[in-house]
Amino acid sequence: MNATQDPTAQAPELTPRLDERIRAALQTRTAMAVILAGLLALIVVLAIVQDVSAGRILSLTVWGIMLGGVIGLGSIGLTLCYGVLKFPNFSHGAMVTLGAYVTFAVMQALPQGEVLRPFSFGWEFLVALIVSMPVVGVVAIGIDRVMYRRLRQRNASLVLFAMASLAMAFFLRSIIYLVWGSDFRFYYEGRANPALDLPFGLRVQADQFFILGLAIVLVIAVYLLLERTKMGKAMRATANNPELAQVRGINTERVVAWTWLMGGALAAAGGAMYGLASQLRPEMGFWLLLPMFAAVIMGSIGNPRGALAGALIIGVAQQVSTAFLNPAYGPGVAFILMVLTLLIRPQGLFGGTE
Amino acid sequence: MPLLKVENITCGYGDMEVLRELSVEVAEGEIVSIIGPNGAGKSTLMKAVFGLLHPWQGAIHFEGRDISRLEPYQIVETGMCYVPQVANVFTQLTVEENLEMGAFVLKDGDIGARKEKIFELFPRLKERRRQAAGKMSGGERQMVAMGSALMLDPKLILLDEPSAGLAPKMVDHIFERIVRINETGLAIMMVEQNATQSLRMAHRGYVLANGENRFEGTGQALLNDPDVGRLYLGG
Ligand SMILES: Nc1ncnc2c1ncn2[C@@H]1O[C@H](COP(=O)(O)OP(=O)(O)OP(=O)(O)O)[C@@H](O)[C@H]1O
Ligand SMILES: [Mg+2]
């Protein structure tokens, strides 16, 4: 055996100290994945200890995946916005709320049709959802024109952008209070959507399957758009190197507009889906903001695939923990996961080590 | 009429003046080499020509058209392309996607054929077409950057230090390709640290110092000029 490979032959100061080695090992992607899986397992174990039935845990997991889909739609927009514009958009939660309410408003304007069994909604919900997506997208572009674009032209600092988006979050919320009031609203007042009885004691509503299916379709659409279309590639290029993007002939202002359109539309879909699963409140998006940011950070900022993975983990952790925790602590669970990520591996699950 | 005519431009960053009443010309089919010490303003000149900075005074004409107020994405369409000194590839995009971005302004059509032409010039890129540009060597990156700029079949290409940081063998290879590109009729304006070598291949050259034009002449004349030799060619 080669002498230099013998650990005892190495000078002591060359061997990294044990705690440093442990820290380095903890920072790898595998370690982080193991820790997250361990945490999810811990939540399940805690639920079992509290005598929660297997059927319920399974149902909560499926609901968690659905919630993860909703959070994921929001976080993809958030992460794209960060990638292209380089600032955390604190008003993204308000876009989610706006999407839910615009869907509501369009439904009010439409005649109510027959219920599409086994779902609880009729075609008017689907039409309203499809209308609200571009509407919210265009609102996002409008906000960019009056506010963020001016800041961009003046080379404003990151803090200013973040503060402006926070102000916009409060502004949008006030508008929603003003127009729709503070009462809870329902897409269908008092219409029941009984859970389907499935094997293994799984109790899931047909609506929840719809939400999950729609989230999957939208995520695939976003993926294809980013990977296959010219505008999608231009978006990734602009996020990667904005100055070179201009030099290569990409009109980056147009890329920015498309980013807002996509982000707004996805947020709107998420809002409508969340509203269908529960109810409409002016704060609904605000409470999703923390899980969305947690998902973005966990999946590496600027990485859409990572944001989706993070959202699924957070959705499941939040839902399953309601087996033994008050659901009001949901954002707290997301917060813990976010802090853990920042402590262990700040660049997130999918970040490079460069 | 020269292809590119930079006339008495003054320009800089914020309120810091970098270029002072600078004039440069490039004729059709010419290789023009710009040399000068670090911080002379060579890259700034390239950026000003390409619309990343707008001149405070003076004018820039390309094929007789005033381009000094155009943005880079508009200048691309006039038939000029630019390879910046640093960060000149999309590191997270594949080689092939980088080339496609080079042809972004084209309304589709023969992008495949254009890519093949670039792969002929730089066969190395064809082997690595699916690799992220950020994972390539310095020389390969320079090929990706030049390849992307050539995708539009420009009339003039601006190269900012194409040989910086490359091994001598790779420098020769890149220079040889530049001459070959020029032989197809493309005009080239390049900035180089490898001053002697680049003046040898250039038709004409300029020596920049402190944002001003100190010497100009044919490549050979500058190489033979004792002042240029002593001050800027290291002996
Ligand atoms: N983005 C910028 N903002 C402010 N000042 C800059 C910027 N880029 C360059 N400068 C300044 O402008 C001057 C000229 O820089 P430039 O990059 O044009 O030099 P150069 O001749 O290309 O040098 P090098 O050989 O090192 O590439 C320098 O004093 C530099 O500090
Ligand atoms: Mg330079």
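Naming: A, B, ... by sequence-line order, numbering from 1 per chain.
Around atom CZ of B:R69, more than 12 heavy atoms belonging to other residues, nucleotides or ligands sit under 6.0 Å away.
If you measure heavy-atom distances from B:Q92 to chain A, the contacts under 4.5 Å come from both the backbone and the side chain. Only the side chain of B:F50 has a heavy atom closer than 4.5 Å to any heavy atom of chain A. If you measure heavy-atom distances from A:A239 to chain B, you find no contacts under 4.5 Å at all. Residue contact with chain A, scored on non-hydrogen atoms closer than 4.5 Å, is absent for B:I75. Only the backbone of B:L106 comes within contact range of chain A, judged by heavy atoms closer than 4.5 Å.
Annotation for B:L93 and A:K233: closest pair CD2-O, 4.2 Å, computed over non-hydrogen atoms. Minimum heavy-atom separation, B:F104 to A:A234: CE1-CB, 3.6 Å. The two atoms that bring B:E97 and A:E227 nearest to each other are OE2-O, 4.3 Å, heavy atoms only.
Considering CD of A:E243 and CG of B:L52, their distance stands at 5.0 Å, rounded to 0.5 Å. A distance of 8.5 Å separates CE in B:M101 from OG1 in A:T238, rounded to the nearest 0.5 Å. With rounding to the nearest 0.5 Å, the separation of CG in A:L244 from CG in B:N98 is 7.5 Å.
Between chain A and the residues B:V83, B:L152, B:N88, the largest count of heavy-atom pairs under 4.5 Å involves B:N88.
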Quiz item: Given the rule in the side-chain hydrogen bond (donor to acceptor under 3.5 Å, both in side chains) test, do B:T91 and A:N241 qualify, once you have shown the distances and angles that lead to the verdict?
Solution: CA-CA 8 Å; B:T91 51; A:N241 188 339; over 6 Å; no
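No side-chain heavy atom of A:V247 sits under 4.5 Å from any side-chain heavy atom of B:V76. Side-chain contact between B:F90 and A:R248 is present, with at least one heavy-atom pair separated by less than 4.5 Å.
At a threshold of 4.0 Å, the pair B:E100-A:K230 does not count as salt-bridged, since none of the basic side-chain nitrogens sits closer than that to a carboxylate oxygen.
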